[in-house]
Amino acid sequence: MPLIRPRLTDHHGIMAPQAELDFAIPFFDEDIPLYVDPFMLWRSPSQQDQALHTSLINAFNHLGYLVSQGEEAQAMATLIAASECDEVGLGTSVTRKGKRIGATKAKEILTLFKRIPYYAQRGFRHFEEIQFFVDGISKDRISDISCSFLKSFLIDFTIQQCEKIGIPREDVNVLNVYDYRKNTFETQNGLALPVNPINGRPLLFVPKRWLRFVPWINYDEYFSTYCPQDEISHKPDELLRVEVLDYNRDHYGVVDAYIKAKERTFEDCKNDPLFSQIPVTSAKRKFALIKKLPSGKEDNADKKYENAIGQLLPSILYPKLDFTQEQARTDSGVSIRDLIFYNTASTPFLQDMHNDYGSKQITLEMKNVAEVGREHVDQLNRYLSEELGKFGIFVTRNPMKKAILTRTIDLWSGQRKAIISLTDEDVGQMVELFESKQRDPIDVIVKKYNEFRARCP
């Protein structure tokens, strides 16, 4: 059984929690659903980030210089090359492979340097403003252009982080690295970088401090808050995006007022975490809902239980365990839903789970049943493997009966597999610890495991 949704660190056996790393751990076959927001560099107190933002804007504004010198073809080629950066794996692609803009879209962007007097005279101070004038420019395109022009820094940052935590690297060639002395993209050969084991392509890390779900400067907020909709149309409810973009081109002052307002409130601009815990009040409500649910399947109680547990436990166990995903599987015709976690090995207990049971990932099987039966133990037993590890957890309503508990002890004796259960009472204790912050909720799992091992021969 292969690892579920493997990350680079897990592939190399590096049990580092995401919360303790400075970069977003890349996946191999999908993007991270976050984006580089260039405004995060502009507002950063770091002189390095501010200098990188200046370099980014200078590179973009050089395109306008090329246009003014009659070298539009070179400007178009540079912009098209910058419009995609597959090495970083940010966005919503399920293949880690994006698509560059075409010549028509590139020309439309470059026309802004001629069409709008402010840009013709001074250039952009935040190039993400292009989304207010050109259709089809979204947060993923802004992010990719940023990463492309900053790729040289990202290469150095990636090498530094690999050396810091011991990620293996290979010599690879990296396409489209921007040379600020020549103002062109070039290929750099023989760089020692981490690679995607699926296709051998280089991977680049991105600082977490740059990442947001939505750019600080964004069209939707501008449209709802600053755009004078009544001036553009007598029917604002039917206002089309293209009409707003046309208006903006002839009324740059409205866009400029929005940009200045966003600059004034820069301190409110924060990076978004890769995982957000639910508030304590939400955790308490989820547990109250769980307590009211009957066991079994009547009135979809099993689905409601699984959904509530699936929202509660990833928050309670973070950051000691990084949430992988919720998984549906079938065993002997029975549908089973699991919560899968990366084992960060960030505590002595989690290190023991990795060393003693080979648990690179930890599986929690959700069972809204009055009592766990022999067939449930057998199903989880079959799922636990050398690759995933031999430690599993039932999340269920009531304690195991003596006969079932004896069966789990026999599995440990014969196959060195450990299966424990978390009941409603245990989950309630975890919520209390989550609220009080006096101890870590994972301590409840540690206690249940220690009780299990005390029964083993």
Side-chain angles (χ1 to χ4, degrees), residues 1-4 10 13 15 295 305-306 309 313 316-317 320-321 324 327-430 439-457:
M1 182 68 65
L3 291 178
I4 307 299
D10 309 297
M15 304 291 107
S295 58
Y305 175 79
E306 291 164 354
I309 289 291
L313 289 189
I316 285 181
L317 294 172
K320 293 297 188 293
L321 290 175
T324 308
Q327 176 184 259
R329 59 185 168 92
T330 302
D331 189 310
S332 302
V334 178
S335 179
I336 300 167
R337 285 176 69 182
D338 300 317
L339 298 178
I340 311 293
F341 293 86
Y342 300 110
N343 184 357
T344 64
S346 56
T347 70
F349 167 73
L350 293 176
Q351 289 175 359
D352 288 344
M353 295 304 100
H354 181 268
N355 296 336
D356 297 345
Y357 300 102
S359 292
K360 298 178 183 177
Q361 296 184 326
I362 292 179
T363 300
L364 279 66
E365 182 175 312
M366 297 176 285
K367 286 292 179 190
N368 186 41
V369 294
E371 59 182 77
V372 170
R374 174 171 179 162
E375 69 278 12
H376 301 134
V377 175
D378 291 345
Q379 287 165 354
L380 183 53
N381 173 42
R382 285 191 291 270
Y383 186 66
L384 300 179
S385 65
E386 294 290 343
E387 184 66 27
L388 285 178
K390 297 182 176 182
F391 173 67
I393 302 173
F394 282 118
V395 185
T396 188
R397 310 306 301 272
N398 302 303
M400 291 183 185
K401 299 290 187 178
K402 184 176 180 180
I404 302 303
L405 187 58
T406 299
R407 183 161 185 79
T408 63
I409 294 171
D410 290 342
L411 277 175
W412 186 89
S413 300
Q415 302 179 38
R416 285 298 187 267
K417 291 183 178 180
I419 295 177
I420 65 173
S421 67
L422 295 176
T423 65
D424 282 357
E425 181 179 349
D426 299 322
V427 174
Q429 289 181 359
M430 296 172 80
R439 293 177 61 187
D440 200 293
I442 202 172
D443 288 346
V444 175
I445 297 178
V446 176
K447 176 175 74 76
K448 294 301 293 277
Y449 173 74
N450 288 337
E451 290 174 355
F452 167 78
R453 284 291 286 114
R455 296 186 178 97
C456 296

Please check: side-chain N/O of [X] versus main-chain N/O of [Y], any donor-acceptor pairing under 3.5 Å?
X: Ser385; Y: Leu388; result: yes
X: Glu371; Y: Lys401; result: no
X: Thr396; Y: Lys367; result: yes

Please check if the number of heavy atoms outside [X] that lie under 6.0 Å from its [atom1] is greater than 12.
X: Glu386; atom1: CD; answer: no
X: Gln351; atom1: CD; answer: yes
X: Arg374; atom1: CZ; answer: no

[X] versus [Y], closest heavy-atom pair with distance:
X: Val372; Y: Ile404; result: O-CG1, 3.4 Å
X: Asn343; Y: Leu321; result: CA-CD2, 4.2 Å
X: Pro457; Y: Trp412; result: O-CZ3, 3.5 Å

Subject >> Set of side chain to side chain contact (heavy atoms under 4.5 Å, CB included) partners for Lys417, sequence neighbours left out >> reply: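 Per chain and number, Lys417 pairs via side chain to side chain contact (heavy atoms under 4.5 Å, CB included) with Asn381, Leu384, Lys390, Gln415.
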
Original post:
Who passes side chain to side chain contact (heavy atoms under 4.5 Å, CB included) against Ser295, sequence neighbours left out?
Top reply: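 Partners of Ser295 by the side chain to side chain contact (heavy atoms under 4.5 Å, CB included) criterion, ordered by chain and then number, come out as Asn368, Ala370, Arg397.
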
Could you list the donor-acceptor pairs under 3.5 angstrom formed between side-chain atoms of residues 440-447 and any protein atom two or more places apart in sequence or on another chain?
from   : atom 1 : to     : atom 2 : distance (Å)
Asp440 : OD1    : Ile442 : N      : 3.1
Asp440 : OD2    : Lys320 : NZ     : 3.1
Asp443 : OD2    : Arg439 : NE     : 3.4

Could you state the interatomic distance from [atom1] ([X]) to [atom2] ([Y]), rounded to the nearest 0.5 Å?
X: Thr344; Y: Asp10; atom1: OG1; atom2: CG; value: 10.0 Å
X: Leu350; Y: Asn355; atom1: CG; atom2: CG; value: 11.0 Å
X: Thr347; Y: Met353; atom1: OG1; atom2: CE; value: 8.5 Å
X: Met430; Y: Leu313; atom1: CE; atom2: CG; value: 5.5 Å
X: Phe452; Y: Met400; atom1: CZ; atom2: CE; value: 8.5 Å
X: Leu380; Y: Ile336; atom1: CG; atom2: CD1; value: 8.0 Å

Subject >> Contacts of Asp352 that satisfy salt bridge (charged side-chain N to carboxylate O under 4.0 Å, His left out) - sequence neighbours left out >> reply: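 Asp352 satisfies salt bridge (charged side-chain N to carboxylate O under 4.0 Å, His left out) with no residue once adjacent residues are dropped.
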
Subject >> Glu375 and Ser332: CA distance, side-chain angles, deciding distance, side chain to side chain contact (heavy atoms under 4.5 Å, CB included) verdict >> reply: CA-CA 10 Å; Glu375 69 278 12; Ser332 302; over 6 Å; no

Partners meeting side chain to side chain donor-acceptor pair (under 3.5 Å) with [X] (sequence neighbours left out):
X: Asp338; answer: Arg329
X: Asp378; answer: Arg407
X: Gln429; answer: none
X: Asp410; answer: none

Subject >> Test side chain to side chain contact (heavy atoms under 4.5 Å, CB included) applied to Leu317 and Phe341, step by step >> reply: CA-CA 9 Å; Leu317 294 172; Phe341 293 86; 3.9 Å; yes

Original post:
ring pair (Phe, Tyr, Trp, His ring centres under 6.0 Å): which pairs involve residues 349-376, sequence neighbours left out?
Top reply: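 Listed once each, the pairs are Phe349-Tyr449.
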
**OP:** Show your working on side chain to side chain contact (heavy atoms under 4.5 Å, CB included) between Asn398 and Thr423 and close with a plain yes or no.
**Re:** CA-CA 5 Å; Asn398 302 303; Thr423 65; 5.5 Å; no

Subject >> Tyr342: ring-ring contact (aromatic ring centres under 6.0 Å, His included) partners, not counting sequence neighbours >> reply: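 So Tyr342 forms no ring-ring contact (aromatic ring centres under 6.0 Å, His included) with any residue.
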
Original post:
Is there side-chain contact between Tyr383 and Thr363, with heavy atoms separated by less than 4.5 Å?
Top reply: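 A side-chain contact under 4.5 Å exists here.
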
**OP:** Apply side chain to side chain contact (heavy atoms under 4.5 Å, CB included) to the pair Lys360 and Glu387, showing each step before the final yes or no.
**Re:** CA-CA 8 Å; Lys360 298 178 183 177; Glu387 184 66 27; 3.9 Å; yes

Subject >> Ile362 and its side chain to side chain contact (heavy atoms under 4.5 Å, CB included) partner, picked from Thr324, Ile340, Ile393, Leu339 >> reply: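 So, applying the side chain to side chain contact (heavy atoms under 4.5 Å, CB included) to Ile362 and each of Thr324, Ile340, Ile393, Leu339, only Ile393 qualifies.
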
